[in-house]
Amino acid sequence: MKSIPDPNGSKQAASFLALSGIADPKEMAEQVMLPGGAKGYSTFLGYYTLAATAKAGYYDEALDTLRTYWGKMLELGATTFWEDFNMDWAENAYGIDSLPVEGKDDIHGDFGGYCYVKLRHSLCHGWSSGPVAYLTEEVLGVKFVYPGGKMITVDPHLSDLTFAEGEVPTAFGPIHVRHEVGEDGKIKTDLTLPEGVTLV
């Protein structure tokens, strides 16, 4: 019987254990990643937690957490992906798009952790853009099975959405995909593939 490292309550560590196959994704999700919802999420490792939650079959929960965590940043004025964010900071904070509010916290100037304390964390950080990849791979359901997008699979997980639409760049041009839930509850997909890309 193999020994599984203890993720010590870290959603990120549990995600890596689940994605690597060291630990059972469902166990990691139920024991570590789902409790507390968006609390304990990391901006720049959020993709892996979302992906591991989906790997465990908890697509609805992953989308809810995405809405809660990154949605809170949007509520606070984000127009880009922040380098650092903690749900607890938002409890009494005004947004970055507001003038200071007496009695409230400055979401950017009053918080931060590690080397990101106070005004040191970036409010435009590409490494934190995990929701883009997650929405592409799990909600739109487009995954590359060959480098550059030459071969793809499409397996959407819309959760409570009635439709999803987007474009996915490839070396051959963009893939356009739209999914819509019909009255019968089934998903109808319209897919436009550039020449050189095959659906498998």
Legend entry - Same apolar cluster (I L V M F W Y, side chains within < 4.5 Å links), Tyr47/Met33: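 Not linked; separate clusters.
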
Inset, instruction - Answer with yes or no whether the hydrophobic clustering places Val139 together with Val168; edges join I, L, V, M, F, W, Y residues whose side-chain heavy atoms lie under 4.5 Å apart. - result: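 Shared cluster, no.
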
Heavy-atom closest pair, residues [X] and [Y]:
X: Ile4; Y: Ala23; value: CG2-CB, 3.8 Å
X: Asp88; Y: Lys39; value: OD1-NZ, 2.6 Å
X: Ala38; Y: Thr68; value: CB-CG2, 3.9 Å
X: Thr170; Y: Phe144; value: CG2-CZ, 3.9 Å
X: Gly109; Y: Leu119; value: CA-CD2, 3.4 Å
X: Lys11; Y: Pro35; value: NZ-O, 2.6 Å

Inset, instruction - Measure up the Tyr41 and Trp70 rings against each other and bin them: parallel (under 30°), tilted (30 to 60°), perpendicular (over 60°). - result: perpendicular

Legend entry - Aromatic ring pairing Tyr116/Phe44, orientation class (parallel under 30°, perpendicular over 60°, tilted between): perpendicular

Inset, instruction - Under 4.5 Å between side-chain heavy atoms, chaining through other members, with only Ile, Leu, Val, Met, Phe, Trp and Tyr counted: pull out the rest of the cluster around Tyr58, sorted by chain and number. - result: Leu34

Inset, instruction - Verify the neighbour count for atom OH of Tyr146: are there more than 12 heavy atoms of other residues, nucleotides or ligands below 6.0 Å? - result: no

Spacing of [X] atom [atom1] and [Y] atom [atom2] [to the nearest 0.5 Å]:
X: Tyr48; Y: Ser42; atom1: OH; atom2: OG; answer: 10.5 Å
X: Leu76; Y: His108; atom1: CG; atom2: NE2; answer: 13.0 Å
X: Lys26; Y: Gln31; atom1: NZ; atom2: CD; answer: 12.0 Å
X: Leu66; Y: Thr49; atom1: CG; atom2: OG1; answer: 11.5 Å
X: Ile107; Y: Met73; atom1: CD1; atom2: CE; answer: 9.5 Å
X: Tyr94; Y: Asp110; atom1: OH; atom2: CG; answer: 6.5 Å

Inset, instruction - Go through the steps for Phe111 and Asn86 under the test side chain to side chain contact (heavy atoms under 4.5 Å, CB included), then give the verdict. - result: CA-CA 9 Å; Phe111 299 104; Asn86 183 314; over 6 Å; no

Inset, instruction - Mind running side chain to side chain contact (heavy atoms under 4.5 Å, CB included) on Glu165 and His176 for me, showing each step along the way? - result: CA-CA 8 Å; Glu165 183 173 12; His176 181 83; 3.0 Å; yes

Less than 3.5 Å apart, which donor and acceptor atoms pair up between the side chains of residues 147-162 and the rest of the protein, not counting sequence neighbours?
unit_1: His157; atom_1: ND1; unit_2: Glu138; atom_2: O; d: 3.3
unit_1: His157; atom_1: ND1; unit_2: Asp155; atom_2: O; d: 3.3
unit_1: His157; atom_1: NE2; unit_2: Tyr59; atom_2: OH; d: 3.4
unit_1: Ser159; atom_1: OG; unit_2: Asp60; atom_2: OD1; d: 2.7
unit_1: Asp160; atom_1: OD1; unit_2: Arg67; atom_2: NH1; d: 3.2
unit_1: Asp160; atom_1: OD1; unit_2: Arg67; atom_2: NH2; d: 2.9
unit_1: Asp160; atom_1: OD2; unit_2: Arg67; atom_2: NH1; d: 3.2

pair [X]-[Y]: side-chain heavy atoms closer than 4.5 Å:
X: Ser15; Y: Met28; answer: no
X: Arg178; Y: Thr189; answer: no
X: Pro5; Y: Ile22; answer: yes

Legend entry - Salt bridge Glu102-Lys104, side-chain N to carboxylate O under 4.0 Å: no

Inset, instruction - Report the C-alpha separation of Tyr69 and Met87 in whole Å, then their side-chain angles, then the decisive distance to 0.1 Å, and conclude whether the side chain to side chain contact (heavy atoms under 4.5 Å, CB included) test is met. - result: CA-CA 7 Å; Tyr69 187 68; Met87 289 295 293; 3.8 Å; yes

Inset, instruction - For Ile187 and Glu180, run side chain to side chain contact (heavy atoms under 4.5 Å, CB included): C-alpha distance rounded to whole Å, both residues' side-chain angles, the deciding distance at 0.1 Å, then the answer. - result: CA-CA 5 Å; Ile187 297 173; Glu180 191 161 346; over 6 Å; no

